[in-house]
Amino acid sequence: MPDVRVCAVEDVKPGGHQRYDVDGTPVCVVRIDDNWYAINDTCSHADFSLCEGDLWEDDREIECPKHGSTFSLETGEPQSLPATKPVPVYSVRVDGDDVIVTLP
């Protein structure tokens, strides 16, 4: 799949996250300082939006607001129960003022 521009850099403030639809796939784009992450926006346990949850910047994790499972922004692996299955993570990069995500 080709690279897809999801937003402008200014659309996601440092310490923020925002949900985008990338060719039918819900993606949560996260910005921590100058580091960017893109993770599938659907919890593997309860089919709930991760972007509606809290961001744990120091741990590089996002928490599902439904049952409290946290997921690594780097690997997608669940870091706490009740989730046991990872969620996909995607390549993300900044090109000028554009945030680009690549889905597999």
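At least one donor-acceptor pair under 3.5 Å links the side chain of Arg31 to the backbone N or O of Val12. A distance-only check finds no donor-acceptor pair linking the side chain of Ser72 to the backbone of Glu77 [under 3.5 Å]. No side-chain donor-acceptor contact under 3.5 Å links His17 to the backbone of Leu50.
With 3.5 Å as the limit, one finds no donor-acceptor pair spanning the side chains of Thr42 and Asp47.
With hydrophobic clusters built from ILVMFWY side chains whose heavy atoms lie under 4.5 angstrom apart, Leu55 shares a cluster with Val89. Criterion: ILVMFWY side-chain heavy atoms under 4.5 Å apart, direct or through other members. Under it, Val22 and Val92 are part of a common hydrophobic cluster. Following chains of ILVMFWY side-chain contacts shorter than 4.5 Å, one cannot reach Val29 starting from Ile62, and the two form parts of different hydrophobic clusters. Using a 4.5 Å cut-off between side-chain heavy atoms of Ile, Leu, Val, Met, Phe, Trp and Tyr, with links allowed through other members, Tyr90 and Val30 fall into different hydrophobic clusters.
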side-chain contact (heavy atoms from CB on, under 4.5 Å) evaluation trace for Leu73 with Ile32: CA-CA 10 Å; Leu73 295 171; Ile32 300 174; 3.9 Å; yes
Test Val94 against Asp34 for side-chain contact (heavy atoms from CB on, under 4.5 Å), laying out the working first. CA-CA 10 Å; Val94 173; Asp34 289 328; over 6 Å; no
For side-chain contact (heavy atoms from CB on, under 4.5 Å), just list the numbers for Val99 and Val9, CA-CA rounded to whole Å, side-chain angles, deciding distance to a tenth of an Å, and then say yes or no. CA-CA 6 Å; Val99 179; Val9 169; 4.0 Å; yes
Set out, in order, the CA-CA distance, both residues' side-chain angles and the distance that settles side-chain contact (heavy atoms from CB on, under 4.5 Å) for Cys51 and Tyr20, then state yes or no. CA-CA 10 Å; Cys51 247; Tyr20 295 96; over 6 Å; no
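Nearest heavy atoms, Pro86 versus Ser44: O-CB, 3.9 Å. Across Thr70 and Ser80, no two heavy atoms sit closer than the pair N-OG, 2.9 Å. Contact between Glu57 and Gly15 at its shortest, heavy atoms only, is OE2-CA, 3.6 Å. Scanning both residues, Tyr37 and Glu74, for their nearest heavy atoms gives CE2-CG, 3.7 Å. For the residue pair Cys28 and Asp41, the shortest heavy atom distance occurs at CB-OD1, 3.7 Å. Among all heavy-atom pairs drawn from Ala46 and His67, the shortest one is CB-ND1, 3.8 Å.
Rounding to the nearest 0.5 angstrom, the gap separating the CD atom in Gln18 from the CG atom in Asp11 is 8.0 Å. We find the CZ-SG distance between Arg19 and Cys7 to be 14.0 Å, quoted to the nearest 0.5 Å. Interatomic distance, Thr102 OG1 to Arg93 CZ, rounded to the nearest 0.5 Å: 6.0 Å.
Considering only heavy atoms from C-beta on, Val4 stays 4.5 Å or farther from Leu103 through its side chain.
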